[in-house]
Structures are given as structure tokens and as C-alpha cells.
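None of these values were measured; they are calculated from a predicted model.
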Amino acid sequence: MENAMDRLIKKVKETGNPTVMGLDPRYDMIPESIKSKYSEDITGACKAIVEFNKCLIDSVCDIVPAVKPQIAFYEMFGVEGIKAFEETSKYAKEKGMIVIADIKRGDIGSTAEGYSNAFIGKTPVGDQKISIYDVDFITVNPYLGIDGVKPFINDCKEYGKGIFILVKTSNKSSGELQDLKLENGKTIYEKVAELVNTWGKDLVGEYGYSSVGAVVGATYPIQIEELREIMPNTYFLIPGYGAQRRESRRYSFRV
């Protein structure tokens with residue numbers, strides 16, 4: 001089974017573009033030309049979101065390798081929003097794009113397995129195993145340690161999927177926790193990076209990068225260089241490149 005990061009890198013090379021298009025739809029910012037087609041209720045709003053997302057995907061699918069829908073912007077609309085997330089993800093894949101679901105899940109045991117089954121694994125029903133959202137990558141919160149990460153790694157191995165683990169995030173307050181020093185003098189983000197490097201060692205593909213990637217904010221360039229030394233075989237998903245506002249974020253990859 002092809003390594004997930006190999007697929008992503010091939011798309012980056014094919015398009016000659018290391019950027020990711022975030023799909024964080026805000027209903028109030030969707031053009032009136034689209035919103036006016038639908039009713040002003042939850043169902044209508046979600047239909048407008050899907051149409052807007054498809055327009056964006058159609059516009060960039062030949063020059064941008066991946067999309068990253070942030071699930072919070074869909075969950076806020078309830079069941080109809082989840083349908084919009086699913087339709088958006090499937091459409092992007094049909095157009096040949098890699099889909100990175102920004103879900104930042106982090107729990108342990110059967111709960112983590114449930115999250116993983118939904119997005120990158122398969123859900124057992126009787127004698128079947130059924131793909132639900134079937135995205136290529138998800139983002140994962142490592143705060144609970146290996147117990148909260150292992151179910152995702154297992155599905156990466158079994159189904160050829162990938163994850164991006166939060167290491168040094170781009171937000172201003174990230175240092176409140178991530179920059180704290182441990183007894184050995186290392187920061188928490190450096191320790192997490194060491195763990196990510198270890199967790200991904202058995203999933204390195206032909207390009208030399210693991211399917212276990214890392215989220216590292218462009219707002220901390222010095223730390224990026226430090227973390228590259230710690231994680232030589234880890235692909236970086238880098239938020240905060242260029243403008244990073246609530247309604248507009250840029251992302252890129254880094255080898």
C-alpha cells in the first residue's frame with residue numbers, strides 16, 4: 001500500500017506548489033450570488049457552503065495539491081454541516097486533491113479508535129468494515145501521549161493514511177505550554193518532536209518521510225530549524241504563512 005506522505009509529495013511535485021488551501025467557510029463571507037440561491041436556514045446555509053467550496057476547488061485543483069477543511073466550521077451547523085464536510089471532502093478527492101481534515105482529535109482507547117475509524121480507518125459493521133469520511137490525513141493532538149496516538153498510527157499502517165501531530169503551533173499563546181522547560185532543559189515542544197520522530201519511524205516512505213507528520217507554525221522560524229534537526233524524516237504542515245486571520249489562513253508544507 002502506498003505511503004500517504006509519498007502520495008502527498010507526489011502531488012506537491014506534480015503541481016510545483018507546496019501550499020494548502022484551507023476550507024474554513026464562514027457563511028457571512030460567502031458571496032450573495034451564491035447565498036441568494038438558497039433558503040436562509042441551516043440547510044440553505046450548508047448548501048451555499050458546499051457550492052462555494054466546490055467553486056474554490058474547481059479554481060485551484062490543477063495548481064494546489066491539497067485542501068484542509070477545518071471541521072469546526074462544519075460541525076457548528078450540526079448534521080447538515082457534517083454532510084457539507086463530507087461532500088466537500090469527497091469532491092476534492094474526485095478532483096485529485098489530497099484532503100487533510102483538520103480535526104485535532106486527542107483521546108485514548110476505544111474513543112481514539114472511534115475517531116480514527118471515522119476519518120482514516122474503517123468502521124466495523126457486522127462482517128464489514130466501512131469507510132466513512134475516508135480523508136487522506138488528519139491532525140492529531142498528542143497531549144495524552146502514545147495512548148492517544150497509537151490508534152491513528154495503526155490505521156495509517158493498515159490503510160495507507162497519514163496524520164499531522166501538533167508540535168509547535170502558530171498561535172501567539174502556544175508558548176504558555178509548549179515553551180515550558182522540563183527538568184532536562186528541553187521544552188515541551190522539543191519533547192513532543194522527539195516522540196513524533198519515534199512514533200513515525202516505521203512509516204517512512206520512498207521519499208524519506210514518515211506518514212506521521214508535524215504541525216509547526218511559520219510564526220516561529222527559529223523553532224522550525226530546531227525541529228528539523230530533531231525530526232529529520234518528518235514532513236511539516238506549516239500554518240501561519242503570510243496572513244493568518246480568523247477568516248483567512250495560509251498553510252504550506254516543508255521538507
Colleague: May I ask whether V135 and V50 are part of the same hydrophobic cluster, defined by side-chain heavy atoms of I, L, V, M, F, W, Y residues being less than 4.5 angstrom apart, directly or through others?
Modeller: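 The answer is no; the residues belong to distinct hydrophobic clusters.
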Colleague: Over all heavy atoms of both residues, which pair between P142 and V149 is shortest? Give the atoms and the distance, please.
Modeller: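 In this case the closest contact between P142 and V149 is CA-CG2, 4.2 Å.
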Colleague: Apply side-chain contact (heavy atoms from CB on, under 4.5 Å) to the pair D58 and Y91, showing each step before the final yes or no.
Modeller: CA-CA 9 Å; D58 288 342; Y91 189 76; 2.6 Å; yes
Colleague: Can R228 and E225 be counted as an ion pair, charged N to O under 4.0 angstrom?
Modeller: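 Salt bridge absent between R228 and E225.
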Colleague: Do the side chain of S116 and the main chain of A112 share a donor and acceptor less than 3.5 angstrom apart?
Modeller: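 No, S116 side chain to A112 backbone: no donor-acceptor pair under 3.5 Å.
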Colleague: Kindly write out the residues that satisfy salt bridge (Lys or Arg N to Asp or Glu O under 4.0 Å) with E113, not counting sequence neighbours, or none if the list is empty.
Modeller: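 Salt bridge (Lys or Arg N to Asp or Glu O under 4.0 Å) list for E113, sorted by chain: empty.
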Colleague: Which heavy-atom pair separates P151 from G109 by the least distance, and what is that distance?
Modeller: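 Scanning both residues completely, I find the closest heavy atoms to be CG-O, 4.3 Å.
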Colleague: Do Y220 and V192 belong together in a cluster built from hydrophobic side chains that touch within less than 4.5 Å?
Modeller: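 Shared cluster, no.
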Colleague: Restricting to ring pair (Phe, Tyr, Trp, His ring centres under 6.0 Å), what partner residues turn up for Y74, sequence neighbours left out?
Modeller: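 Ring pair (Phe, Tyr, Trp, His ring centres under 6.0 Å) list for Y74, sorted by chain: F85.
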Colleague: Does K47 have more than 12 heavy atoms from other residues, nucleotides or ligands lying within 6.0 Å of its NZ?
Modeller: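 Open: at most 12 neighbouring heavy atoms sit under 6.0 Å from NZ of K47.
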Colleague: Report the distance from atom OG of S211 to atom CD1 of I120, rounding to the nearest 0.5 Å.
Modeller: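 Answer for the OG-CD1 pair, S211 versus I120, is 9.5 Å.
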Colleague: Mark yes or no for whether Q70, through its side chain, and A72, through its backbone, hold a donor-acceptor pair below 3.5 Å.
Modeller: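 Checking the backbone N and O of A72 against the side chain of Q70, a donor-acceptor pair under 3.5 Å is found.
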Colleague: For the residue pair V167 and L227, establish whether any side-chain heavy-atom pair is separated by less than 4.5 Å.
Modeller: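 Answer yes - side chains close enough.
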Colleague: Rounded to the nearest 0.5 Å, how far does OG1 of T234 lie from CG of L203?
Modeller: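 Separation between the atoms: 11.0 Å.
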Colleague: Working to the nearest 0.5 Å, report the span between CG of D62 and CD of E14.
Modeller: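 D62 CG to E14 CD: 10.0 Å, rounded to 0.5 Å.
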Colleague: Can you confirm whether L237 sits close enough to V20 that some side-chain heavy atom of one is under 4.5 Å from a side-chain heavy atom of the other?
Modeller: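 Of all side-chain heavy-atom pairs linking V20 with L237, at least one is under 4.5 Å.
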Colleague: In the structure I gave you, are the side-chain heavy atoms of E206 and N3 within less than 4.5 Å of one another anywhere?
Modeller: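 When only atoms from C-beta onward are counted, N3 and E206 do not touch, as no gap falls below 4.5 Å.
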Colleague: Kindly indicate, with the supporting measurements, whether the criterion side-chain contact (heavy atoms from CB on, under 4.5 Å) is fulfilled by W199 and K150.
Modeller: CA-CA 8 Å; W199 293 337; K150 195 173 189 303; over 6 Å; no
Colleague: Would a distance-only check, ignoring hydrogens and angles, find a side-chain to backbone donor-acceptor pair under 3.5 Å from N17 to I63?
Modeller: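 Confirmed, N17 side chain pairs with I63 backbone.
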Colleague: Is I230 linked to V204 within one hydrophobic cluster, defined over Ile, Leu, Val, Met, Phe, Trp and Tyr using a side-chain heavy-atom separation of less than 4.5 Å?
Modeller: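 No.
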Colleague: Can you find a pair of side-chain heavy atoms, one from M97 and one from V67, that are under 4.5 Å apart?
Modeller: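 SC-SC contact between M97 and V67 confirmed.
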Colleague: Output, in order, the C-alpha distance, side-chain angles, deciding distance and verdict of salt bridge (charged side-chain N to carboxylate O under 4.0 Å, His left out) for E2 and K10.
Modeller: CA-CA 11 Å; E2 187 177 28; K10 286 177 182 177; 2.7 Å; yes
Colleague: Below 4.5 Å, heavy atoms only, C-beta onward: do I98 and F137 meet side chain to side chain?
Modeller: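 SC-SC contact between I98 and F137 confirmed.
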Colleague: For a side-chain contact (heavy atoms from CB on, under 4.5 Å) check, start with the C-alpha distance between V216 and Q223, then their side-chain angles and the critical distance, and finish with the verdict.
Modeller: CA-CA 8 Å; V216 182; Q223 287 86 341; 5.7 Å; no
Colleague: If you round to the nearest 0.5 Å, how far is CD1 of I132 from OG1 of T123?
Modeller: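 Answer rounded to 0.5 Å: 4.0 Å.
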Colleague: Which atom pair, heavy atoms only, marks the closest approach of K122 to S131?
Modeller: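 That would be CE-OG, 3.5 Å.
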Colleague: For D155, is there an ion pair with K161 - N to carboxylate O distance below 4.0 angstrom?
Modeller: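 Salt bridge: no.
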Colleague: Salt bridge or not between K93 and D134? Use side-chain N to carboxylate O under 4.0 Å.
Modeller: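 Yes, K93 and D134 are salt-bridged.
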Colleague: More than 12 non-hydrogen atoms from neighbouring residues, nucleotides or ligands closer than 6.0 Å to CD1 on I222, yes or no?
Modeller: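 Incorrect, the count does not exceed 12.
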Colleague: Once side chain to side chain donor-acceptor pair (under 3.5 Å) is applied, do any residues pair with K54, and if so which ones, sequence neighbours excluded?
Modeller: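 With sequence neighbours excluded, K54 shows a side chain to side chain donor-acceptor pair (under 3.5 Å) to E87, given in chain and number order.
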Colleague: Keeping R7 on the side-chain end and G160 on the backbone end, is there a donor-acceptor pair under 3.5 Å?
Modeller: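 Answer holds: yes.
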Colleague: Under 4.0 Å between a side-chain nitrogen and a carboxylate oxygen: does that hold for E86 and K83?
Modeller: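 Between K83 and E86 there is no salt bridge, as every charged N stays at least 4.0 Å from the carboxylate O atoms.
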Colleague: Do V140 and F164 have side chains that approach each other closer than 4.5 Å (heavy atoms only, starting at C-beta)?
Modeller: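 The answer is no, as the side chains (C-beta and beyond) never meet within the 4.5 Å cut-off.
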Colleague: Does some side-chain heavy atom of Y133 sit less than 4.5 Å from a side-chain heavy atom of V99?
Modeller: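 With C-beta onward as the side chain, the pair stays apart.
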Colleague: Can Q178 and T187 be said to form a side-chain hydrogen bond (donor to acceptor under 3.5 Å, both in side chains), step by step?
Modeller: CA-CA 7 Å; Q178 296 167 15; T187 61; over 6 Å; no
Colleague: Looking at every heavy atom in both P18 and V12, which two are closest together, and how far apart are they?
Modeller: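 So the two residues come closest at CA-CG1, 4.0 Å.
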Colleague: Check the hydrophobic clustering (I, L, V, M, F, W, Y; side-chain heavy atoms under 4.5 Å; chains of links allowed) and say if L56 and V60 are grouped together.
Modeller: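 Looking at the clustering, V60 is in the same group as L56.
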Colleague: Do the side chain of D6 and the main chain of Y207 share a donor and acceptor less than 3.5 angstrom apart?
Modeller: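 Yes, the answer is positive, given that a donor and an acceptor are paired below the 3.5 Å cut-off.
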Colleague: Between S210 and N233, is there a side-chain donor-acceptor contact under 3.5 Å, judged purely by atom types and distance?
Modeller: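 Judged by distance alone, the side chains do not pair up.
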Colleague: Any carboxylate oxygen within less than 4.0 angstrom of a Lys/Arg side-chain nitrogen, looking at E194 and K186?
Modeller: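 Counted as a salt bridge, because a side-chain N and a carboxylate O are separated by less than 4.0 Å.
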Colleague: Among the clusters formed by ILVMFWY side chains lying less than 4.5 Å apart, do I82 and F73 turn up in the same one?
Modeller: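 Cluster IDs for I82 and F73 match.
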Colleague: Counting N and O atoms only, with roles assigned by atom type, does the side chain of T139 sit under 3.5 Å from a partner on the main chain of I103, one being a donor and the other an acceptor?
Modeller: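 The answer is yes, because a donor-acceptor pair under 3.5 Å joins these two groups.
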Colleague: Verify side-chain contact (heavy atoms from CB on, under 4.5 Å) between M21 and I57, making sure each step is shown before the conclusion.
Modeller: CA-CA 9 Å; M21 181 172 70; I57 291 167; 4.2 Å; yes
Colleague: With a cut-off of 6.0 Å (strictly less than), are more than 12 heavy atoms of other residues, nucleotides or ligands near CD1 of I108?
Modeller: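 No, not enclosed.
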Colleague: To the closest 0.5 Å, what do you measure between CD1 (I188) and OG (S174)?
Modeller: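 Between atom CD1 of I188 and atom OG of S174 there are 11.5 Å.
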Colleague: Report yes or no: does T111 contribute a side-chain atom to a donor-acceptor pair with the main-chain N or O of D107 at less than 3.5 Å?
Modeller: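 Answer holds: no.
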Colleague: Measuring from Y189:OH to D179:CG, what's the distance to the nearest 0.5 Å?
Modeller: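 That separation rounds to 6.0 Å.
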Colleague: Evaluate side-chain hydrogen bond (donor to acceptor under 3.5 Å, both in side chains) for D41 paired with T43, printing each intermediate quantity in order.
Modeller: CA-CA 6 Å; D41 55 19; T43 300; 4.7 Å; no
Colleague: So does R26 pair up with D24, basic N to acidic O under 4.0 Å?
Modeller: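 Here R26 does not pair with D24 in a salt bridge, since their nearest N and O are not under 4.0 Å apart.
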Colleague: Shortest non-hydrogen contact from I238 to G217?
Modeller: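 So the two residues come closest at CG2-C, 4.0 Å.
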Colleague: Check this for me, if you would: do K90 and E94 make a salt bridge, where the nitrogen-to-carboxylate-oxygen distance has to be below 4.0 angstrom?
Modeller: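 Looking at E94 together with K90, the answer is no, because their closest N to O distance does not fall below 4.0 Å.
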Colleague: Is it the case that the side chain of S170 and the backbone of T219 share a donor-acceptor pair, with hydrogens and angles ignored and the cut-off at 3.5 Å?
Modeller: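 No, S170 side chain to T219 backbone: no donor-acceptor pair under 3.5 Å.
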Colleague: Please give me the minimum heavy-atom distance between A101 and F119, naming the atom from each residue.
Modeller: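 Where A101 meets F119 most closely, the heavy atoms are CB-CD2, 4.4 Å.
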Colleague: Taking C-beta and beyond as the side chain, do I49 and N53 meet within less than 4.5 Å on heavy atoms?
Modeller: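 The answer is yes; the side chains approach within 4.5 Å.
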